[in-house]
Amino acid sequence: MSATEIIKDLKARKFKPLYLLQGEEPYFIDQVVDYIEHHVLNDGEKGFNQTVLYGKDTDMATILTAAKRYPMMSEYQVIIVKEAQDLKWPKDGEGSGKEAEVVLNYFEKPLPSTILVFAYKYATFDKRKKIYKTISKSGTIFQSDLVRDYKLAPWIEEFIKEKGYKIAPQAVALMAEYLGTDLSKIANEVEKLCLNISKDTTIQTDHIQKNIGISKEYNVFELQKALATRNVLKCNQIINYFAANPKANPMVMIMANLNGYFTKILKYHYLPNKNDAAKELGVSPYFIKDYEVAARTFNDAKTFQIISLLREYDLKSKGLDSTGNVSDGELMKEMVFKMIH
């Protein structure tokens, strides 16, 4: 089940006695936990029937003792174990067999009036363990996977759509380029954006610039377009802007984005069917023309050379293979000059 599906069931008051929310992406886990914590019980019920524990500060015996209690003046009690990855879990075939047996016995027949939630973040629970298999039979297990780079723009677009807004493809790309894969950060920025824009307005790059603080003219996205057309003046203007605003435009982020961009150009060169380019490159069809232009500007040999340049200057920016104390701005100017010529 997805986080959205779990929350839909929770809203319909369809509860499971056990929830194991696990995976490397904390955003979706937090979504489910926040809903359970703030909406399953009303304010009058929470005082006696809601318990929030933390993995590093509790143990399984304490959790099960609480789980076996019956609710007071409520149909349910809720127990949330946050940071459950720090909890000492019984191991199959190790330690006290009695402890593991007690845990498994409860998980096999959990109290229906208790909603026990484990928020196991930044890691994946071992599916081979008896505990995992037992919870999967009597409760709900949610796998929260990281959103990969190529899926980030579609995720942002869908997230904004769910809020009743529309966003232009270029604005989506700009957000994806600059906000990275921290979904919590993206969600917060979108919330701020939506407060300042009416639902009948399509979100454009101007809105992103004004409300999120990303420059419309001087960003990696525009640098890529300038490189693709060998626009020397524009490239230099953008690099000078980056050099003057290093905190907002760290070289490590710029290098990562350029590396991804030229890797896609190289892949485009070797696509047997260019009609499938959007799917194969993992980009919106809106941007395929940009890759066509870039591929004409940089043949496959030049693209290989540029990717090597990016690796070389990435090392230099980290203080390796560099002569003297050269600023990131100077390194970028030198690198871009070599890319274009």
Decide yes or no on ring pair (Phe, Tyr, Trp, His ring centres under 6.0 Å) for F118 and Y19, but give the supporting numbers first.
-> CA-CA 6 Å; F118 293 100; Y19 290 89; over 10 Å; no
Could you give me the CA-CA distance, side-chain angles and deciding distance for E312 and K316, then say whether salt bridge (Lys or Arg N to Asp or Glu O under 4.0 Å) is met?
-> CA-CA 6 Å; E312 176 189 342; K316 287 184 176 182; 3.3 Å; yes
Salt bridge (Lys or Arg N to Asp or Glu O under 4.0 Å) between K121 and D30: does it pass, once the steps are laid out?
-> CA-CA 9 Å; K121 294 161 70 173; D30 288 339; 3.0 Å; yes
Tell me, with the steps shown, if K98 and E101 meet salt bridge (Lys or Arg N to Asp or Glu O under 4.0 Å).
-> CA-CA 5 Å; K98 187 175 181 181; E101 185 179 342; over 6 Å; no
Apply salt bridge (Lys or Arg N to Asp or Glu O under 4.0 Å) to the pair K137 and E108, showing each step before the final yes or no.
-> CA-CA 8 Å; K137 293 177 182 177; E108 284 172 359; over 6 Å; no
Would Q22 and Q143 satisfy side-chain hydrogen bond (donor to acceptor under 3.5 Å, both in side chains), going step by step from the backbone distance to the final call?
-> CA-CA 5 Å; Q22 47 104 40; Q143 175 76 32; 2.6 Å; yes
Ring pair (Phe, Tyr, Trp, His ring centres under 6.0 Å) between F287 and F221, worked out = CA-CA 11 Å; F287 296 106; F221 188 71; 5.4 Å; yes
I would like to know whether E222 and Q224 meet side-chain hydrogen bond (donor to acceptor under 3.5 Å, both in side chains); could you show each step before the answer?
-> CA-CA 5 Å; E222 292 301 318; Q224 291 172 358; over 6 Å; no
Apply side chain to side chain contact (heavy atoms under 4.5 Å, CB included) to M253 and M251, showing your working.
-> CA-CA 5 Å; M253 182 192 76; M251 188 167 178; over 6 Å; no
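In this structure, a donor-acceptor pair under 3.5 Å is present between the side chains of T114 and Q77. Side chain to side chain, T229 and N231 fail the donor-acceptor criterion of an N or O pair below 3.5 Å. For the residue pair T62 / T65, no side-chain donor-acceptor distance below 3.5 Å is found, with atom types taken as modelled.
Considering CG of L41 and CZ of F48, their distance stands at 13.0 Å, rounded to 0.5 Å. We find the CD-CD1 distance between E75 and I115 to be 9.0 Å, quoted to the nearest 0.5 Å. To the nearest 0.5 Å, the span separating CD1 on I6 from NZ on K11 amounts to 13.0 Å. We find the CG-CG distance between L310 and L315 to be 11.0 Å, quoted to the nearest 0.5 Å. Atom CG of residue L152 and atom CG of residue L183 lie 7.0 Å apart, to the nearest 0.5 angstrom.
Residues T201 and H207 form a side-chain contact, since some pair of their non-hydrogen atoms from C-beta on lies under 4.5 Å apart.
Transitive grouping of hydrophobic side chains (ILVMFWY, heavy atoms separated by less than 4.5 Å) keeps V293 and I288 in distinct clusters. Under a hydrophobic clustering in which Ile, Leu, Val, Met, Phe, Trp and Tyr are joined whenever their side-chain heavy atoms come within less than 4.5 Å, directly or via other members, L146 and Y120 fall into different clusters. Using a 4.5 Å cut-off between side-chain heavy atoms of Ile, Leu, Val, Met, Phe, Trp and Tyr, with links allowed through other members, Y70 and L64 fall into the same hydrophobic cluster. Residues I80 and M72 fall into different hydrophobic clusters, defined by Ile, Leu, Val, Met, Phe, Trp and Tyr side chains chained together at heavy-atom separations under 4.5 Å. Transitive grouping of hydrophobic side chains (ILVMFWY, heavy atoms separated by less than 4.5 Å) brings L223 and V232 into a common cluster.
Annotation for R311: atom CZ does not count as buried by contact number, only 12 or fewer foreign heavy atoms lying within 6.0 Å. Other residues, nucleotides and ligands contribute only 12 or fewer heavy atoms inside 6.0 Å of the NZ atom of K151. Residue K166 places its NZ atom among 12 or fewer non-hydrogen atoms of other residues, nucleotides or ligands, all under 6.0 Å distant.
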Listing, residues 331-341 side-chain donor-acceptor contacts under 3.5 Å, not counting sequence neighbours, or none:
from, atom 1, to, atom 2, distance (Å)
K333, NZ, N240, OD1, 3.1
E334, OE2, Y313, OH, 2.3
K338, NZ, Y313, OH, 2.8
H341, ND1, F337, O, 2.8

Please set out all donor-acceptor pairs under 3.5 angstrom arising from side-chain atoms of residues 269-276, sequence neighbours excluded.
from, atom 1, to, atom 2, distance (Å)
H269, NE2, F298, O, 2.7
Y270, OH, D300, OD2, 3.0
N273, OD1, N275, N, 3.0
N273, OD1, N275, ND2, 3.4
N273, ND2, D276, OD2, 3.4
K274, NZ, Y268, O, 3.2
K274, NZ, L271, O, 3.1

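Contact check on K318 versus D314 returns a salt bridge, with a Lys/Arg side-chain nitrogen under 4.0 Å from an Asp/Glu carboxylate oxygen. Between E5 and K8 there is no salt bridge, since no side-chain nitrogen of the basic residue lies less than 4.0 Å from a carboxylate oxygen of the acidic one. In summary, E191 and K163 engage in a salt bridge, as defined by a charged side-chain N under 4.0 Å from a carboxylate O.
Listed by first then second residue, pairs satisfying side-chain hydrogen bond (donor to acceptor under 3.5 Å, both in side chains) with a partner in residues 242-253 read Y178-N249, not counting sequence neighbours.
Note on ring orientation: taking the six-membered ring where Trp is involved, the planes of F28 and F142 are perpendicular (angle over 60°, cut-offs 30° and 60°). Using bins of under 30°, 30° to 60° and over 60° for the plane-to-plane angle, the ring pair Y132/F125 lands in the parallel bin.
Ring centroid separation for the pair F159 and Y165 does not come in under the 6.0 Å cut-off.
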